[in-house]
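A short worksheet on the structure shown next.
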Number of protein chains: 2
Amino acid sequence: MFRKILVAEDIDSINKGIGTVLEKLDVPEVCHAPYCDEAYLKAKRALKDKVPFDLLICDLSFKADHRTEKITSGRELIRVLKSNQPDLGVIVYSIEDHPQTVKSIWDSKAVNAYVTKDRKGLSELEAAIKAVYNDGVYMSSRIASILTGSNLYELPDYEVTLLKHLANGLTQDQIEERFKKEGITPSSRSSIEKKLKELREDFNAQTTVHLITILKDLRLI
Amino acid sequence: MFRKILVAEDIDSINKGIGTVLEKLDVPEVCHAPYCDEAYLKAKRALKDKVPFDLLICDLSFKADHRTEKITSGRELIRVLKSNQPDLGVIVYSIEDHPQTVKSIWDSKAVNAYVTKDRKGLSELEAAIKAVYNDGVYMSSRIASILTGSNLYELPDYEVTLLKHLANGLTQDQIEERFKKEGITPSSRSSIEKKLKELREDFNAQTTVHLITILKDLRLI
DNA sequence: AAATACCATGCGGATTTCCGTAAGACCAAT
DNA sequence: ATTGGTCTTACGGAAATCCGCATGGTATTT
């Protein structure tokens with residue numbers, strides 16, 4: 001079993017829960033870090049001292065605090081830790097089960113397992129730890145169904161920028177200018193209109209405002 | 001101390017955390033319900049058997065499942081339980097700290113305490129249980145600062161309906177019709193335009209699309 | 001090389017939204 | 001009853017968006 005595990009998780013009750021699992025698995029050294037920066041420093045230190053962590057169990061979102069943090073999300077934390085220590089095992093343990101988020105994390109190839117905090121989360125976490133230790137990877141049925149489900153749709157970059165500009169208050173004319181300045185094509189007014197019309201049809205939106213709310217709810221923008 | 005506590009919370013790791021607190025406080029009877037319906041049935045049964053719960057510790061959001069639930073949120077659960085048993089103590093224990101949500105829950109007068117799940121959540125929960133037992137009410141400093149902070153603004157009903165219709169894809173003309181049919185005033189096209197202009201100015205929105213995204217992010221609609 | 005398909009663009013008109021002004025309605029205070 | 005204020009509505013022009021069609025360029029196919 002893993003010898004040295006770092007847990008980056010801010011909510012104390014969940015830390016308690018994770019703790020009981022790790023005790024049960026007889027992990028000799030467990031370190032809890034309620035802040036991302038703290039987790040980063042501990043991992044860096046351990047690596048420098050040649051006693052690196054084997055596994056990171058990591059939440060995705062951390063509440064802001066009076067402390068001002070450099071690293072504010074689990075994603076960033078994972079990215080920097082992996083770049084320092086590419087062989088570090090990573091299990092995401094998060095309440096976040098929105099298809100877009102899960103897919104984007106999973107596709108980043110930076111994690112060995114993604115476990116959702118839910119009614120059976122702890123036993124899944126336990127299974128994940130064992131599986132990652134043995135096979136290097138674990139995916140719960142819930143996550144698998146989320147990823148294979150037809151409920152996720154990736155919006156191309158062009159569409160996303162266009163829609164974000166709209167959402168941020170630019171008019172279509174201003175977007176045209178912006179695109180021309182930044183060399184993004186197609187940039188013509190006509191193409192922008194056409195693209196928006198397509199999107200409205202694809203997502204069954206009555207109006208552009210409607211389209212934006214739909215896409216925001218789907219977290220596509 | 002309380003004798004009989006019902007915990008409505010779906011995430012197992014958090015149930016573990018709450019459990020340790022309640023053990024520490026020597027609560028003789030603790031019942032965990034990972035589903036709202038289950039919590040409802042248990043409370044109803046206990047009341048019928050003349051051994052009602054003293055206190056409900058309740059999450060706000062519950063993950064959907066294969067089970068189809070009648071009650072799907074903590075808010076609803078609190079509402080129905082309080083209507084059956086008005087003297088039931090209620091502590092909300094939620095990760096949700098968005099000003100709008102907190103304010104609306106607190107203003108409903110249905111809860112005795114609101115504790116946010118965070119780094120110190122468990123000790124706050126402990127303090128809340130004691131305080132509710134002794135004084136009937138508890139507010140953490142975090143919640144107090146959220147509620148007194150200037151960061152919350154309530155949007156009047158009229159504005160909310162107007163904006164929701166917009167977000168749901170109605171044109172301003174259609175909204176006018178709708179308002180006339182439903183007897184909502186002002187209903188004229190001109191008034192609708194004027195109101196939207198006001199809102200854009202109030203929230204520094206460049207366009208109506210921008211306004212909608214701002215308000216959605218603030219969860220005012 | 002020609003044909004085809006696809007895409008970006010341009011344009012004109014219809015619709016919708018935006019904006020200011022003015023007239024009427026309603027209410028409250030004098 | 002009159003005045004003053006606020007709110008609703010009406011109207012007209014400007015701006016923005018929506019929509020379809022036509023044109024021209026580019027790449028792919030034959």
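All chains are named by letter (A, B, ...) in the order of the sequence lines, taking the proteins before the strands, and each is independently numbered beginning at 1.
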Would you say B/Asn112's side chain and B/Val137's backbone share a donor-acceptor pair under 3.5 angstrom? no
If only atom types and distance count, is the side chain of B/Arg200 paired as donor or acceptor with the main-chain N or O of B/Leu211 below 3.5 Å? no
Return whichever of A/Asp173 or B/Lys194 has its heavy-atom-nearest nucleotide of DNA chain D closer to the 5' end. B/Lys194
Between A/Thr208 and B/Glu176, the residue closer to the 5' end of DNA chain D by nearest nucleotide is B/Glu176
Distance below 4.0 Å between [X] side-chain N/O and [N] OP1 or OP2:
X        : N      : answer
B/Ser190 : D/dT9  : no
B/Ser191 : D/dT8  : no
B/Arg200 : C/dT17 : no
B/Gln172 : C/dC18 : yes

Can you tell me how far [atom2] of [N] sits from [atom1] of [X], to the nearest Å?
X        : N      : atom1 : atom2 : value
B/Glu198 : C/dG20 : CD    : C1'   : 14 Å
B/Ile184 : D/dC7  : CD1   : P     : 19 Å
B/Leu166 : C/dT17 : CG    : C1'   : 11 Å
B/Glu193 : D/dG12 : CD    : P     : 14 Å
A/Leu196 : C/dT17 : CG    : C1'   : 16 Å
A/Leu170 : D/dT17 : CG    : C1'   : 15 Å
B/Tyr158 : D/dT8  : OH    : P     : 7 Å
B/Glu177 : C/dT16 : CD    : P     : 11 Å

Just to be sure I understand the rule, does B/Ser187 reach a base, reach only the sugar-phosphate, or reach nothing, if contact means heavy atoms closer than 4.0 Å? sugar-phosphate
Mark yes or no for a side-chain to base donor-acceptor pair under 3.5 Å between A/Thr171 and D/dA16, with no hydrogen or angle criteria applied. no
Side chain of [X] - closest among [options]:
X        : options                : result
B/Lys197 : C/dG20, C/dT9, C/dC18  : C/dG20
B/Arg189 : D/dC18, C/dG20, C/dT17 : C/dT17
A/Ser188 : D/dC19, C/dG10, C/dC19 : C/dG10

Quick one: sort the A/Tyr158 and A/Phe179 rings into parallel, tilted or perpendicular, breaks at 30° and 60°. tilted
Quick check on side-chain contact (heavy atoms from CB on, under 4.5 Å): which of A/Asp97, A/Ile146, A/Leu147, A/Val92 does A/Tyr114 satisfy it with? A/Val92
